[in-house]
Colleague: 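Quick one: the structure is below, and I'll ask about it shortly.
Given the structure is predicted, the values throughout are model-derived calculations rather than measurements.
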Amino acid sequence: MKRIKAILCALTFVFVLFAGCSAKADNMISADITLLTWNIFMASADTDALSLTLDGALTDIFTFQECTPEAYENVVNPFVRRNAAYKIACRKIGEKACRTPILFNEEKLTLVFSGTEVFRESYQGSPSKSAAYCVFTDKSGNKSFIVINMHGAVTRNKYAGYEDYTQEELAELAVEWRKGNVRQVKEIVDRLFNVYGELPVIMAGDCNFAADSEPYKIITSYGFKDKVAANTKSTHEVGLLPTEGKAIDHVFINDGFKFSSYEMLTDRTTLLASDHCPILAGVAFCNS
């Protein structure tokens, strides 16, 4: 019996040794890449609170949504001037400001490629609903990976051509548009894979869908996962804590990464800055 136990222990040790990062507990993994994603509410709340939160985070990557020209002027450009290591990728979609820029720490990451596109299935009068994407190389380990920043589609009666839609019709259309958004993100991933190989991927943003939705089921069917809590709402009234509900802001990763941390920030300063809570995540390469 003792011999059998010894053999089982040895086999367990070998399994854990070769299982890679999937065998490690999250709290035992150090982050290779840190990211903060945030819908910054067009910088229409408290820009000082926004700046304080960003300066306090200084993650390797920031992905913003609702980044209007005013938000660039009042928040993003001043942040880059204060923090010279950071550069802005994906600043434009055509001639318009990209509402989903990606910021990165140039001292840690090298930008290999970047692109932007408006979601086909969205209200085309709004440049806000879009995806930005970058391929980076980590200078410390010379490992490449992909970051995608998305802002999912919404439907409203104020949009031209949709004034007479009922709330039920708008809700149904929103689901269809968001399913299309997720499929377009998958197209982007596949295009980048064709050029750069099947790299680790982080997909972050204000997706405008919750974990019990059809778009969420589609993205997880592609092999992506996040760590959202079932009853953690990511939106709120400015200045107030979120009430119980569902998160629509997410950080997804494919199997090239494993989460080392995942936190929704709800401190007083951050709550004054926007009507969304930022998500702060750390990830580790699975082949580290």
Colleague: Could you check whether any side-chain N or O of Asn157 sits under 3.5 Å from a backbone N or O of Glu163, counting only pairs where one atom can act as donor and the other as acceptor?
Modeller: yes

Colleague: Do Leu50 and Phe41 make a side-chain contact, defined as non-hydrogen atoms from C-beta onward lying under 4.5 Å apart?
Modeller: no

Colleague: Identify the two heavy atoms, one from Arg268 and one from Gly239, that lie closest to each other, and give their separation to 0.1 Å.
Modeller: NH1-O, 2.6 Å

Colleague: Does any N or O in the side chain of Arg178 come within less than 3.5 Å of the main-chain N or O of Ala153, such that one atom is a donor and the other an acceptor?
Modeller: yes

Colleague: Under the criterion side chain to side chain contact (heavy atoms under 4.5 Å, CB included), I'd like the reasoning laid out for Ile253 against Lys225: C-alpha separation, chi angles, the key distance, then a yes or no.
Modeller: CA-CA 6 Å; Ile253 55 175; Lys225 56 185 178 294; 4.1 Å; yes

Colleague: What verdict does the side chain to side chain contact (heavy atoms under 4.5 Å, CB included) test give for Val283 and Asp32, after you've listed the backbone C-alpha separation in whole Å, the side-chain angles of each residue and the deciding distance to 0.1 Å?
Modeller: CA-CA 6 Å; Val283 299; Asp32 293 315; 5.9 Å; no

Colleague: Can you pull out every ring pair (Phe, Tyr, Trp, His ring centres under 6.0 Å) where at least one residue sits in residues 94-115? Sequence neighbours excluded, please.
Modeller: Phe104-Phe136

Colleague: Specify the closest pair of heavy atoms between Ser274 and His236, including all atoms of both residues, with the distance to one decimal.
Modeller: O-CE1, 2.9 Å

Colleague: Tell me, please, which residues at least two apart from Glu214 pass salt bridge (Lys or Arg N to Asp or Glu O under 4.0 Å).
Modeller: Lys217

Colleague: Can you measure from CD1 (Ile219) to OG (Ser213) and round to the nearest 0.5 angstrom?
Modeller: 10.0 Å

Colleague: Can you see which heavy atom on Ser144 is nearest to which on Pro200, and at what distance?
Modeller: O-CD, 3.5 Å

Colleague: If you measure from SG on Cys67 to CD1 on Ile102, what distance do you get to the nearest 0.5 Å?
Modeller: 12.0 Å

Colleague: Nearest 0.5 Å, please: how far is CG in Asp249 from SG in Cys207?
Modeller: 7.5 Å

Colleague: Hey, is the main chain of Ser140 close enough, under 3.5 Å, to the side chain of Asp138 for a donor-acceptor pair?
Modeller: yes

Colleague: Please find the pair of heavy atoms, one from Met264 and one from Lys233, that lie closest to each other, and give the distance.
Modeller: CE-O, 3.2 Å

Colleague: For Thr59 and Thr34, test the side chains for any donor-to-acceptor distance below 3.5 angstrom and give the result as yes or no.
Modeller: no

Colleague: In the single-linkage hydrophobic clustering (I, L, V, M, F, W, Y; side-chain heavy atoms under 4.5 Å), do Ile61 and Phe259 co-cluster?
Modeller: yes

Colleague: Taking atom CD1 of Ile93 and atom OG1 of Thr116, what is their separation to the nearest 0.5 Å?
Modeller: 4.5 Å

Colleague: Please check if Ile40 and Met42 belong to a single hydrophobic cluster, counting links between Ile, Leu, Val, Met, Phe, Trp and Tyr side chain heavy atoms closer than 4.5 Å.
Modeller: no

Colleague: Give a yes or no on whether Val238 and Leu241 share a hydrophobic cluster (residues Ile, Leu, Val, Met, Phe, Trp, Tyr; joining criterion: side-chain heavy atoms under 4.5 Å apart).
Modeller: no

Colleague: With no hydrogens and no angle check, is any side-chain donor or acceptor of Asn208 less than 3.5 Å from a backbone partner on Ile248?
Modeller: no

Colleague: Side chain to side chain contact (heavy atoms under 4.5 Å, CB included) between Phe285 and Phe145: does it pass, once the steps are laid out?
Modeller: CA-CA 9 Å; Phe285 292 103; Phe145 63 99; 3.8 Å; yes

Colleague: Can you establish whether the number of heavy atoms outside Asp212 located under 6.0 Å from its atom CG is more than 12?
Modeller: yes

Colleague: State whether the side chain of Thr220 and the backbone N or O of Tyr216 hold a donor-acceptor pair below 3.5 Å, judged by distance alone.
Modeller: yes

Colleague: Keeping the roles fixed (side chain from Thr270, backbone from Thr266), state whether a donor-acceptor pair exists under 3.5 Å.
Modeller: no

Colleague: Is Ile88 reachable from Val135 through a run of hydrophobic residues whose side-chain heavy atoms are each under 4.5 Å from the next?
Modeller: no

Colleague: With a 4.5 Å limit on heavy-atom distance, are the side chains of Leu103 and Leu54 in contact?
Modeller: no

Colleague: To the nearest 0.5 Å, how far apart are NZ in Lys129 and CD in Glu121?
Modeller: 15.0 Å

Colleague: Quick one: are the ring centres of Phe257 and Phe224 less than 6.0 Å apart?
Modeller: no

Colleague: If you count the non-hydrogen atoms of other residues, nucleotides and ligands that lie under 6.0 Å from CD in Glu237, is the total more than 12?
Modeller: no

Colleague: Could you tell me whether the side chain of Asn287 reaches within less than 4.5 Å of the side chain of Lys143, counting heavy atoms only?
Modeller: yes

Colleague: Answer with yes or no whether the side chains of Thr155 and Glu172 bring together a donor and an acceptor at under 3.5 Å.
Modeller: no

Colleague: Is it the case that the side chain of Arg82 and the backbone of Asn77 share a donor-acceptor pair, with hydrogens and angles ignored and the cut-off at 3.5 Å?
Modeller: no

Colleague: Compare every heavy atom of Val182 with every heavy atom of Pro215, then report the nearest pair and how far apart it is.
Modeller: O-CG2, 3.8 Å

Colleague: Pick from Asp206, Thr37, Asp226: which one makes a side chain to side chain donor-acceptor pair (under 3.5 Å) with His250?
Modeller: Asp226

Colleague: Do the side chains of Trp38 and Ile202 join up, straight or via other hydrophobic residues, at under 4.5 Å, putting them in one cluster?
Modeller: no

Colleague: For Trp177, run the ring pair (Phe, Tyr, Trp, His ring centres under 6.0 Å) check against Tyr162, Phe119, Tyr123, Phe209 and tell me which one passes.
Modeller: Tyr162

Colleague: Walk me through it: do His151 and Thr100 pass the test side-chain hydrogen bond (donor to acceptor under 3.5 Å, both in side chains)?
Modeller: CA-CA 7 Å; His151 191 184; Thr100 51; over 6 Å; no

Colleague: Step by step, work out the side chain to side chain contact (heavy atoms under 4.5 Å, CB included) result for Tyr133 and Glu117.
Modeller: CA-CA 9 Å; Tyr133 40 96; Glu117 53 193 75; 2.9 Å; yes

Colleague: Taking only residues two or more places apart in sequence or in another chain, which ones pass salt bridge (Lys or Arg N to Asp or Glu O under 4.0 Å) with Arg120?
Modeller: Glu187

Colleague: Looking only at atom types and distance, does a side-chain atom of Gln184 sit under 3.5 Å from a main-chain N or O of Val118, one as donor and one as acceptor?
Modeller: yes

Colleague: Using side-chain heavy atoms (C-beta onward) and a distance below 4.5 Å, is Asn39 in contact with Thr235?
Modeller: no

Colleague: Closest heavy-atom contact between Pro242 and Leu271?
Modeller: CD-CD2, 4.2 Å

Colleague: Give every residue pair that meets the ring pair (Phe, Tyr, Trp, His ring centres under 6.0 Å) criterion with at least one member in residues 47-76, sequence neighbours excluded.
Modeller: Phe62-Phe64, Phe62-Phe79, Phe62-Tyr86

Colleague: For Leu199, is there any backbone N or O sitting under 3.5 Å from a side-chain donor or acceptor partner on Asn254?
Modeller: yes

Colleague: Who else is in the cluster with Leu240 when I, L, V, M, F, W and Y are joined by side-chain contacts under 4.5 Å?
Modeller: none

Colleague: Please go through Leu272's hydrophobic cluster and name the other residues, only I, L, V, M, F, W, Y counting, with side-chain heavy atoms under 4.5 Å joining them.
Modeller: none

Colleague: Counting only N and O atoms by type, is there a donor-acceptor contact under 3.5 Å from the side chain of Ser260 to the main-chain atoms of Gly282?
Modeller: yes

Colleague: Could you state the interatomic distance from CG (Leu192) to CD (Glu198), rounded to the nearest 0.5 Å?
Modeller: 12.0 Å

